[in-house]
Amino acid sequence: MPRLSLHDSKSRKTVAFTPLDPENVRVYYCGPTVYDLAHIGNLRAMVTADVLVRLLRHLYPRVTYVRNITDVDDKINARARENNEPISALTARTIRDFHDDLAAVAILPPDIEPRATHHIEQMQRMIRELIDNGHAYEAGGHVLFSVADYPDYGELSGRSADDLMAGARVEVADYKRAPGDFVLWKPSDADTPGWDSPWGRGRPGWHIECSAMSYHYLGESFDIHGGGSDLLFPHHENERAQSMCCHPHGRFANHWVHNAMLLVDGEKMSKSLGNFLTVRDVLRDTPAEALRLLLLRAQYRSVLNFTRDGLDDARQTLDRFYRALAVLPDAQAADTTPPPDSFVAALCEDLNTPAALAEMHAMADRALAGDVQGARDLRAAGHLIGLLGSTPDVWFRGDAQVDGAKIQALIDERLAARKTRDFARADAIRDELAQQGIVLEDGPGGTTWRKA
RNA sequence: GGUCCGGUGGCAGAGUGGUGAUGCAGCGGACUGCAAAUCCGUGAAUGUGGGUUCGAUUCCCGCCCGGACCUCCA
């Protein structure tokens with residue numbers, strides 16, 4: 001079995017992955033703040049996590065994958081006010097949409113999906129401990145983490161305290177001892193969600209939830225913590241500082257995984273540029289599997305440029321793969337073929353999905369040459385990374401908005417016309433079907449049809 | 001301004017201190033009544049200037065260009 005190498009953001013090196021407990025690999029990923037539909041940038045992080053967890057499950061007997069939901073946040077409060085709806089309605093709907101979108105692109109659910117609002121007690125306990133051991137202080141109704149009290153602060157993101165001061169955008173608040181100090185707990189007014197606490201009615205700061213919930217479900221040391229590279233600072237740096245100060249004998253995350261950002265047509269996705277794409281926007285006119293494949297065509301640490309052409313390419317690649325699977329006599333039959341070692345080995349090199357896809361092309365070559373084992377290998381490889389979960393029939397013909405019998409009648413009529421060398425009629429039939437989005441293919445085994 | 005990451009053929013995108021994967025597109029051919037699909041063949045790339053080395057796309061430095069982050073964006 002190939003061994004997994006994984007890039008670690010903290011050491012900035014690709015290192016051999018060694019689980020703390022090989023019987024139970026523990027992974028924590030930052031999930032969504034539920035105030036709006038997931039966009040394709042969010043999706044990239046979720047797909048990266050999904051591939052990583054699928055691979056870990058292939059390599060190890062058990063994986064515990066925790067992905068949180070942030071359901072208390074000022075953006076949520078603001079959006080609920082804008083929409084004039086209760087916060088609980090907004091978060092419930094957004095969570096449902098998020099689950100639907102992820103399921104559409106074959107992302108498996110995490111083992112545990114804790115919600116911040118269900119873990120206020122754990123957060124308060126942690127904040128109390130941080131105050132007790134001198135790493136946090138109360139000021140102006142807030143509880144703040146004192147950055148100066150954690151010598152390793154900045155180690156994860158590779159910044160020094162001086163660097164942080166150099167940035168002119170640090171929020172200076174008069175109740176902070178140092179500008180870099182960040183909020184653990186903040187006061188809520190009567191119109192804002194809040195919980196009673198020793199520091200008054202209030203709500204948690206952003207970072208504390210991940211520290212509290214990862215500790216609660218995975219312990220003071222766990223294997224992998226991941227998210228988008230934009231979370232490296234401040235979110236993950238702050239999580240780490242809190243956790244290490246609260247549990248000084250633990251290591252918090254042993255290994256940090258961050259995926260690079262996604263561009264749309266070469267530019268950062270933003271609402272003002274008008275290139276902001278939700279998962280739903282894309283899925284309106286693209287098969288979900290093509291979107292997933294597009295995200296896997298670049299290695300997760302490379303910036304990925306999302307384009308319409310790229311999506312079309314991905315779709316074509318899937319055409320080829322499903323054509324290759326069509327050589328299987330029993331496209332749906334259960335089959336225990338393991339994914340080939342060369343394929344797993346590619347994934348084990350820091351999730352090198354482009355190299356893994358190149359392996360799949362080689363398998364497709366074999367399958368298209370008539371090698372049934374090649375097709376089995378291809379299917380097994382695809383399944384490992386959440387692809388090829390459909391069948392050629394469904395991929396090419398869909399769940400039928402068309403009348404198959406009618407198409408077959410036309411195919412028969414065309415065949416008769418061709419026999420009498422009436423090619424004008426034969427081509428007219430093909431054109432007619434093409435108008436309806438149906439493509440005919442004359443193969444050695446007869447004529448078949450598919451959606452355009 | 002600070003920190004970090006990256007610049008590979010027309011496009012997408014890997015790897016590597018010693019003849020530069022893979023896919024799409026292109027070109028030529030086979031198959032086909034014509035297509036589609038498939039197959040065979042083929043042209044085409046390491047931003048720039050130095051350094052280290054027998055040899056650099058790979059390692060080091062400068063420059064240019066792009067991107068991310070710098071208090072709540074995956």
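Nothing here was measured: the structure is a model prediction, and the numbers come from that model. Below, chain A is the first sequence line, B the second, and so on; all start at residue 1.
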Once each nucleotide of nucleotides 5-11 of chain B is scored for protein heavy atoms under 4.0 Å, what B/S/- sequence comes out, 5' to 3'?
-> -------
Give a yes-or-no answer on whether the side chains of A:D377 and A:Q373 include a donor-acceptor pair shorter than 3.5 Å.
-> yes
Could you give the distance separating B:C34 and B:G23 at their P atoms, to the nearest angstrom?
-> 27 Å
Just to confirm, is there a sub-4.0 Å distance from OP1 or OP2 of B:G15 to any side-chain nitrogen or oxygen of A:Q299?
-> no
Picking from B:A36, B:G23, B:G13, which would you name as closest to the side chain of A:H361?
-> B:G23
Flag for A:S5-A:D350: side-chain donor and acceptor within less than 3.5 Å = no
Sugar-phosphate, base or nothing in reach of A:L262, heavy atoms under 4.0 Å = base
With heavy atoms under 4.0 Å as the rule, sort A:T307 into base, sugar-phosphate or nothing.
-> nothing
Stem regions touching RNA chain B, defined by at least 3 consecutive Watson-Crick or wobble G-U pairs below 3.5 angstrom | B:1-7 with B:64-70, B:10-12 with B:22-24, B:26-30 with B:38-42, B:47-51 with B:59-63
Atom pairs under 3.5 Å: protein N/O with N/O of nucleotides 38-47 of chain B:
none

Pair A:F222 and A:F252, ring centroids less than 6.0 Å apart = yes
Side-chain N or O of A:S302 closer than 4.0 Å to phosphate OP1/OP2 of B:G67 = no
First encountered from the 5' end of RNA chain B, between A:N238 and A:A260 = A:N238
P gap between B:C39 and B:C24, integer Å | 9 Å
Which residues pass the side-chain contact (heavy atoms from CB on, under 4.5 Å) test with A:A364, sequence neighbours left out?
-> A:R320, A:F321, A:A324, A:L378
Calculate the interatomic distance between A:L311 atom CG and B:C24 atom P; express it in whole Å.
-> 17 Å
With a 3.5 Å cut-off and just heavy-atom distances, do the side chain of A:R430 and the base of B:A35 make a donor-acceptor pair?
-> yes
Indicate the ring-plane relationship of A:Y322 and A:F396, choosing parallel, tilted or perpendicular according to the 30° and 60° boundaries.
-> perpendicular
Between A:Y150 (side chain) and A:M244 (backbone), is there a donor-acceptor pair under 3.5 Å?
-> no
Start at the 5' end of RNA chain B and walk down; is the nucleotide closest to A:L232 or to A:T33 reached first?
-> A:L232
Enumerate the residues from residues 35-51 of chain A whose closest heavy atom to RNA chain B is under 4.0 Å, giving them by residue number; use none for an empty result.
-> A:H39, A:G41, A:N42, A:A45
Mind jotting down which residue pairs meet the side chain to side chain donor-acceptor pair (under 3.5 Å) criterion with at least one end in residues 37-48 of chain A? Sequence neighbours excluded, please.
-> A:H39-A:N42
Are A:E239 and A:Y28 linked by a side-chain donor-acceptor pair shorter than 3.5 Å?
-> no
Greater than 12 external heavy atoms within 6.0 Å of A:Y215's OH = no
